[in-house]
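This report refers to the structure that appears directly beneath it.
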Amino acid sequence: MSGQVKLQNTIDTQHEDMIHDAQLDYYGRRLATCSSDKTVKVFEIANNTRTLIDTLVGHEGPVWQVAWAHPKFGSILASCSYDRKVIIWKEGTSGWVKLYEFGEHKSSVNSVQWAPHEWGLLLACVSSDESFSIISNSGDGQWKSTKHENAHALGCNAVSWAPAINPSSLLEANTRHPLSNVKRIVTGGGDNLVKIWREENDNWIPEDKLEEHSDWVRDVAWAPSVGLPRSRIASCSQDGKVIVWTKDESSGENWNPKVLKTFAEVVWQASWSVTGDILAVSGGDNKVTLWKEQKGGEWACVSEVNKSQQPQQ
């Protein structure tokens with residue numbers, strides 16, 4: 001390893017049960033956490049202190065995931081739960097309030113993610129009922145949704161949006177259209193598959209099906225674009241594998257899988273750095289590892305943190 005990330009602080013969230021997700025907002029000044037205690041908590045982070053601002057109550061089951069919208073839309077947070085609901089919360093002058101509740105899924109809603117802000121206020125959510133939904137607000141205060149059935153057999157576990165920036169835009173100096181004209185998402189499911197979908201005529205159609213995992217896909221993450229002519233997706237699975245899929249957009253080749261590592265335990269989450277060159281992975285071994293691509297296309301672990309270790313004094 002070329003470096004070591006050290007645990008600096010821990011936070012007493014005051015949750016009464018297991019914590020399933022924790023997300024910083026765009027500026028890194030707010031932290032949202034969610035738990036099996038059916039609540040979402042929002043913290044203010046400033047000067048190395050963390051202050052509980054509010055506890056959001058509205059779900060009737062364990063809350064699996066939270067997601068912050070881009071600040072251009074205000075202070076907005078989405079949460080999803082085993083209770084089959086997605087709740088969108090907004091901070092106003094009198095605190096946090098429930099802005100919208102979506103309850104069209106027939107089973108647990110496992111993951112939510114906001115689209116790149118260039119596309120507007122769009123939220124993707126996936127469910128154990130084998131479907132995914134896209135929830136949108138055009139700015140007039142009205143919410144609408146579309147639900148897409150039979151996305152993954154045995155249920156959908158994870159979703160991630162493709163960047164709005166066009167691949168190759170960095171190389172096209174005189175381009176007038178740096179933004180892609182096609183919206184895409186990637187999903188992972190209980191059928192061991194990673195699937196890519198694109199929007200076409202207000203419908204979402206399957207574009208690619210990536211087969212390499214041998215057990216449930218637990219998370220997917222589309223890497224941010226820096227304008228280079230390639231797209232990248234990370235997937236992790238119950239089978240212990242972390243796979244980085246790469247597609248050369250200039251040649252139109254198929255997605256090429258590279259197994260980053262096969263862990264001995266389930267891998268729950270994968271997350272890219274903002275520049276898309278470092279991948280964070282966490283799993284059943286109670287560790288977070290950071291990976292970076294080396295010359296020759298191999299991936300190397302550059303740091304490791306054991307979640308059970310004590311913070312640095």
Side-chain angles (χ1 to χ4, degrees), residues 1-5 113 116 157-173 175 178 180 182 184-189 192-198 206-285 287-305:
M1 296 181 196
S2 61
Q4 186 71 25
V5 175
Q113 191 182 56
N157 300 324
V159 63
S160 181
W161 288 83
I165 303 298
N166 236 333
S168 303
S169 61
L170 185 66
L171 306 180
E172 300 170 3
T175 182
S180 172
V182 179
R184 288 182 172 86
I185 61 171
V186 58
T187 58
N192 311 345
L193 298 175
V194 174
K195 292 186 178 182
I196 297 169
W197 310 78
R198 73 172 183 271
E207 184 176 83
D208 278 300
K209 181 172 66 174
L210 311 183
E211 303 179 68
E212 193 71 25
H213 288 292
S214 59
D215 209 333
W216 285 29
V217 177
R218 289 299 184 179
D219 199 16
V220 289
W222 205 308
S225 172
V226 292
L228 296 176
R230 72 179 183 197
S231 294
R232 267 195 172 148
I233 292 169
S235 62
C236 59
S237 167
Q238 195 81 25
D239 64 11
K241 288 182 182 178
V242 177
I243 299 176
V244 176
W245 307 82
T246 304
K247 183 175 184 178
D248 185 339
E249 300 288 356
S250 61
S251 66
E253 294 179 356
N254 293 330
W255 290 89
N256 179 44
K258 179 73 174 181
V259 178
L260 183 146
K261 182 178 178 178
T262 301
F263 291 82
E265 304 282 346
V266 56
V267 186
W268 293 110
Q269 288 184 313
S271 179
W272 292 99
S273 64
V274 293
T275 52
D277 61 340
I278 294 178
L279 182 68
V281 174
S282 64
D285 59 1
K287 295 178 181 178
V288 177
T289 51
L290 303 183
W291 299 79
K292 186 176 177 65
E293 188 178 21
Q294 308 298 300
K295 291 181 179 179
E298 296 299 319
W299 288 78
C301 181
V302 295
S303 192
E304 178 181 297
V305 176

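Remember, predicted model here, so these are calculated numbers, not experimental data.
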- Query: Which heavy atom in I243 sits nearest to a heavy atom in E212, and how many Å separate them?
  - Reply: CD1-CG, 3.3 Å
- Item | Residues V244, W272; criterion side chain to side chain contact (heavy atoms under 4.5 Å, CB included); working and verdict | CA-CA 11 Å; V244 176; W272 292 99; 4.2 Å; yes
- Nearest-0.5 Å distance, CG of residue N157 to OG of residue S235: 12.0 Å
- Please list, chain by chain and in numerical order, all residues satisfying ring-ring contact (aromatic ring centres under 6.0 Å, His included) with W161, sequence neighbours excluded. W204
- Rounding to 0.5 Å, atoms CG (L210) and CD1 (I233) come to a distance of 6.0 Å
- Indicate the atoms forming the closest heavy-atom contact of P163 with A223, along with that distance. CG-O, 3.2 Å
- Query: Short question: side chain of D219, backbone of C236 - any donor-acceptor pair under 3.5 Å?
  - Reply: no
- Rounded to the nearest 0.5 Å, what separation is found between the CD atom of E298 and the NZ atom of K292? 15.0 Å
- Message: Test of understanding: with side-chain hydrogen bond (donor to acceptor under 3.5 Å, both in side chains), list the residues that count as partners of R232, not counting sequence neighbours.
- Response: T246, E293
- Of all heavy-atom pairs between A270 and L279, which one has the smallest distance, and what is that distance? CB-CD1, 4.2 Å
- Query: By side-chain hydrogen bond (donor to acceptor under 3.5 Å, both in side chains), which residues pair with Q294, not counting sequence neighbours?
  - Reply: none
- Task: Could I get the full list of ring-ring contact (aromatic ring centres under 6.0 Å, His included) partners for W245, not counting sequence neighbours?
- Result: none
- Note on the structure: Separation between CD (E304) and OG1 (T289), nearest 0.5 Å, reads 7.0 Å
- Would you check if K195 and P206 make a side-chain contact, meaning some heavy-atom pair closer than 4.5 Å? no
- Task: State which residues pass ring-ring contact (aromatic ring centres under 6.0 Å, His included) with W222; sequence neighbours excluded, sorted by chain then number.
- Result: W255
- Look at the side chain of S273 and the backbone N and O of I278, then say whether any donor-acceptor pair between them is shorter than 3.5 Å. yes
- Among all residues two or more places apart in sequence or in another chain, which pass the side-chain hydrogen bond (donor to acceptor under 3.5 Å, both in side chains) test with E207? R184, R198
- Message: If we ignore hydrogens and angles and just use 3.5 Å, is the side chain of D248 paired with the main-chain N or O of R230 as donor and acceptor?
- Response: no
- Task: Give the minimum heavy-atom separation between C301 and W291, together with the two atoms involved.
- Result: N-CE3, 3.3 Å
- How far does CG of D208 sit from CG of N254, to the nearest 0.5 angstrom? 7.0 Å
- On a heavy-atom basis, the closest approach of V281 and V267 is CG1-CG1, 3.3 Å
- For residues V217 and L193, report the shortest heavy-atom separation together with the two atoms involved. CG2-O, 3.6 Å
- Once you round to the nearest 0.5 Å, how far does CD of Q269 lie from CZ of R218? 11.5 Å
